[in-house]
Amino acid sequence: MKKYLSLQLSPVLQALGVPESIAPIFEKPRTESHGDLTTNIAMIAAKHLKTNPRQLAQQILEKLNLDKTLVDKIEIAGPGFINFRFSDKYYHAQLADILEKENQFGRSGTGNKLKTQVEFVSANPTGPLTVGHGRGAVYGDTVARLLEWTGYDVTREYYFNNAGRQMRVLGDSVRLRYLELLGEKIDFPEDYYQGEYIKEIAQHLIDLHGKNLKDEPAEGKFKQQAETEIFDDIKKTLARIGVKHDVFFNENTLYETGQVKEVIEELRKKDLAYDQDGAVWFKATAFGGEKDKVIVKATGEPTYRLPDIAYHRDKLRRGYELIIDVLGADHVATYPDVLAGIKALGYDESKIKVPIHQFVTILQEGAVVKMSTRKANFITLDELIDEVGADVVRYFFLMRGIGSHLNFDLKLAKEQSEENPVYYLQYAHARIASIIRLAESKGVDVSKSYDLSLLNQPEEISLMKLLSQFPDMVESCAATYEPHRLAEYLHDVAGSYHKFYHEHRVVGDDLNITASRIALCLATKTVLANGFSILGIHAPEKM
RNA sequence: GCCCUCGUAGCUCAAUGGACAGAGCACCGGACUUCUAAUCCGAUGGUUGUGGGUUCGAAUCCCACCGAGGGCGCCA
């Protein structure tokens, strides 16, 4: 429709002397009374032509000749908006389109199978996932789903490191608990992992090996067992909320394949790395950084930056054309170094996008809970799922923009789980399913023979309008990596349906009207179900 | 001290630079003999942190200040 309007509009604009650089932009007005699409072209162009916007709009309209079966009404409003209102017939055609495409409705080929990677979660296996990880997990997965719907070829990747200091401490934490369980007196350091799960892992080792590990080093069986068990739990937790990674990438690979070393050598060759105070530095200042950064410590160990740069080069080498790194706000300072490093190696860093999500603040009994895996005073994602269910968890994290500092009142979430917003959406779907069951039980053939032109009531038209916007919605959410707008949209669809339901009886005496309204219900059900599948929540047939 | 994200109804949050700033909770008043009341209808609620600037037009862009969270390490 936008295409059609621009096509009709551009010769008119040219005739009026509007420069070609000013192309009309159409948008959906916020309020329904302003029509279905609007353009501000008259206001923009008026400036160049030194004329009054409303007058110019009038001139445009006089020369514009549109298909009246599609566009019902054109109005000039406010300071000079031109508002287009489409005909019912246009929306009936849209409805037919939904019914035909069904679970494919909303999909597009925009992405052109672009090889894309979404990297998210990427928590090292030192403990259970927290609520904070949950936000990144759900967000990353949903962005991946959005990209799949719009025709991108998506790989979900999880990056981890099982070699660093964190993991050594983890292994030693298990070792000490192991000795403790065997009756030895131990001094458990404050900065070790305090969680109960460490004791459980230690107990498992006793079950498996008895006392035989007494003299085993921390980095051996202890670390290994901890990593295996914790990673297992992490994967299980993610699976509960519908998140599954295609690739688990171990940082260690980058050392084994020599890619880390390669990065240093190349940077040196380009004179972008140098030695000072026994360490190796990267000239980040050459790429707009505040100061140069250490990439290899005086001890010979690399800092996280070096493998990170090598990792991103590896992603590019694997042929990804679009790379999305989902990061939490605590990592905000790390990615400029990585991008600078990639640029230094001669790659196009604009292929790497880094959406950053703000923290989730947990309120418990009205007080802020400071989260720390080390101190084990976190609320695990598992516990949250236990309390409110996977659908609620996903929807809750998706219904807000990632830039907002999310306040999660745990007490409230538990208490209100019965009237959580997600049920509002799912109820609409279940309600439709129920009506269709009823219709079928009365012998109505819901699969064919309906006359969409019977749908002319205000509530029916409003609903059809919303439904027809679904593909645009998916498109723009995918382009901006903003799933929360889809969540809002679906909320509107559900609301519009509930209103329709209260005003009009679907299954009635008039078989023709019944059939057409059933068609509208089916189309609504399709849009809801398709939307839910992008958000990763269930579409219940019954509630 | 510097950098990043942000500040919108009592609370949690929306709003590609556009028209009267919107939802959900909470509170108040209505609607089940009728396809699911997990719903609907109505009412209340605002100087968009403050002060300037750009623009035909600002919650949105720019500057300053105030406040919140995060980051400024040869930790990740």
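So that the names make sense, note that chain A is the first sequence line, chain B the second, and so on, each numbered from 1.
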Syn/anti state of B:C65 by chi, 90° boundary around 0: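 Anti conformation for B:C65.
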How should the glycosidic conformation of B:C32 be described, syn or anti, under the criterion that syn lies within 90° of 0?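 Chi for B:C32 falls in the syn range.
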For a quick check under 3.5 Å, do [X] and [Y] share a side-chain donor-acceptor pair by atom type?
| X | Y | result |
| --- | --- | --- |
| A:D292 | A:T285 | yes |
| A:E157 | A:Y311 | yes |
| A:H312 | A:D325 | yes |
| A:E459 | A:H504 | yes |

Would you kindly give the [atom1]-to-[atom2] distance between [X] and [N], to the nearest whole Å?
| X | N | atom1 | atom2 | answer |
| --- | --- | --- | --- | --- |
| A:L406 | B:G70 | CG | C1' | 15 Å |
| A:Q166 | B:C75 | CD | P | 13 Å |
| A:R485 | B:U60 | CZ | P | 19 Å |
| A:F397 | B:U12 | CZ | C1' | 14 Å |
| A:I82 | B:C56 | CD1 | P | 19 Å |
| A:Y395 | B:U12 | OH | P | 18 Å |
| A:Y192 | B:C75 | OH | P | 17 Å |
| A:R30 | B:A21 | CZ | C1' | 6 Å |

Under 4.0 Å, counting only non-hydrogen atoms across every strand here, what does [X] touch: a base, just sugar-phosphate, or nothing?
| X | result |
| --- | --- |
| A:K442 | nothing |
| A:D472 | nothing |
| A:G403 | sugar-phosphate |
| A:G401 | sugar-phosphate |
| A:A428 | nothing |
| A:T38 | base |
| A:H504 | base |
| A:D277 | base |

Kindly say if [X] contacts the phosphate of [N], meaning a side-chain N or O under 4.0 Å from OP1 or OP2.
| X | N | result |
| --- | --- | --- |
| A:H357 | B:U5 | no |
| A:T303 | B:G73 | no |
| A:R165 | B:A76 | no |
| A:K291 | B:C2 | no |
| A:R431 | B:A37 | yes |

Evaluate the side-chain proximity of A:E219 to A:M167: yes if any heavy-atom separation is below 4.5 Å, no if none is.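 A side-chain contact under 4.5 Å is absent here.
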Just so I know, are the side chains of A:L466 and A:Y497 near enough to count as touching, which here means a heavy-atom distance under 4.5 Å?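 Heavy-atom side-chain distance check fails, nothing below 4.5 Å.
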Given the [atom1] atoms of [N] and [M], what is the spacing between them in whole Å?
| N | M | atom1 | result |
| --- | --- | --- | --- |
| B:G49 | B:C11 | P | 13 Å |
| B:C61 | B:C6 | P | 8 Å |
| B:A9 | B:C63 | P | 25 Å |
| B:C56 | B:C2 | P | 34 Å |
| B:U8 | B:A21 | C1' | 8 Å |
| B:A59 | B:U48 | C1' | 5 Å |
| B:A23 | B:G46 | P | 15 Å |
| B:C74 | B:G70 | C1' | 23 Å |

If pairing requires Watson-Crick or G-U wobble contacts with both distances under 3.5 Å, which nucleotide is the partner of [N]?
| N | result |
| --- | --- |
| B:A68 | B:U5 |
| B:G24 | B:C11 |
| B:G17 | none |
| B:U44 | none |
| B:C75 | none |

Residue whose nearest RNA chain B nucleotide is more 5′ - A:H484 or A:G78: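 Taking each residue's closest nucleotide, the earlier one in sequence belongs to A:H484.
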Nearest heavy atom decides the nucleotide; on that basis, is A:I25 or A:E290 closer to the 5' end of RNA chain B?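 Its nearest nucleotide being more 5', the pick is A:E290.
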In terms of side-chain heavy atoms of A:A333, which of B:A38, B:G71, B:A14 is nearest?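 The closest nucleotide is B:G71.
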Would you indicate which nucleotide in B:G18, B:C35, B:C6 comes nearest to any side-chain atom of A:I44?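 For A:I44, the side-chain atoms sit closest to B:G18.
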Enumerate all atom pairs, one protein N or O and one N or O from nucleotides 40-43 of chain B, separated by less than 3.5 Å.
{"residue": "B:C40", "atom": "OP1", "partner": "A:Y424", "partner atom": "OH", "Å": "2.3"}
{"residue": "B:C40", "atom": "O4'", "partner": "A:H502", "partner atom": "NE2", "Å": "3.1"}
{"residue": "B:C41", "atom": "OP1", "partner": "A:K499", "partner atom": "NZ", "Å": "3.3"}

Could you tell me whether A:R268 and A:D275 make a salt bridge, using a distance below 4.0 angstrom between a side-chain N and a carboxylate O?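 So A:R268 pairs with A:D275 through a salt bridge.
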Does the distance from a Lys or Arg side-chain N to an Asp or Glu carboxylate O, for A:E119 and A:K315, drop under 4.0 Å?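 Salt bridge between A:E119 and A:K315, a charged N being under 4.0 Å from a carboxylate O: yes.
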State whether the distance check finds a donor on one side and an acceptor on the other, under 3.5 Å, for side chain [X] versus base [N].
| X | N | answer |
| --- | --- | --- |
| A:S404 | B:A14 | no |
| A:D492 | B:A14 | no |
| A:N40 | B:G18 | yes |

Point-to-point distance, once rounded to the nearest 0.5 Å, from CG of A:L425 to CG of A:D492: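 Rounded to the nearest 0.5 Å, the CG-CG separation comes out at 10.0 Å.
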Tell me whether A:H491 is stacked on the nucleobase of B:G24, counting only the six-membered base ring and applying the 5.5 Å and 30° thresholds.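 No; centroid distance or tilt outside limits.
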Can A:F81 be said to stack with the base of B:A19, given centres closer than 5.5 angstrom and planes under 30 degrees apart?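 Answer is yes, a stack.
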Assign the ring pair A:H429 / A:F532 to parallel, tilted or perpendicular, where the plane angle (0 to 90°) is split at 30° and 60°.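 Ring orientation of A:H429 relative to A:F532: tilted.
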So does A:H538 have more than 12 non-hydrogen atoms from other groups sitting under 6.0 Å from NE2?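 Result for NE2/A:H538: open.
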Axial cation check for A:Y501 ring with A:R431, 6.0 Å and 45° limits: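 Judged by the rule (NZ or CZ under 6.0 Å from the ring centre, within 45° of its axis), A:R431 counts as positioned above A:Y501.
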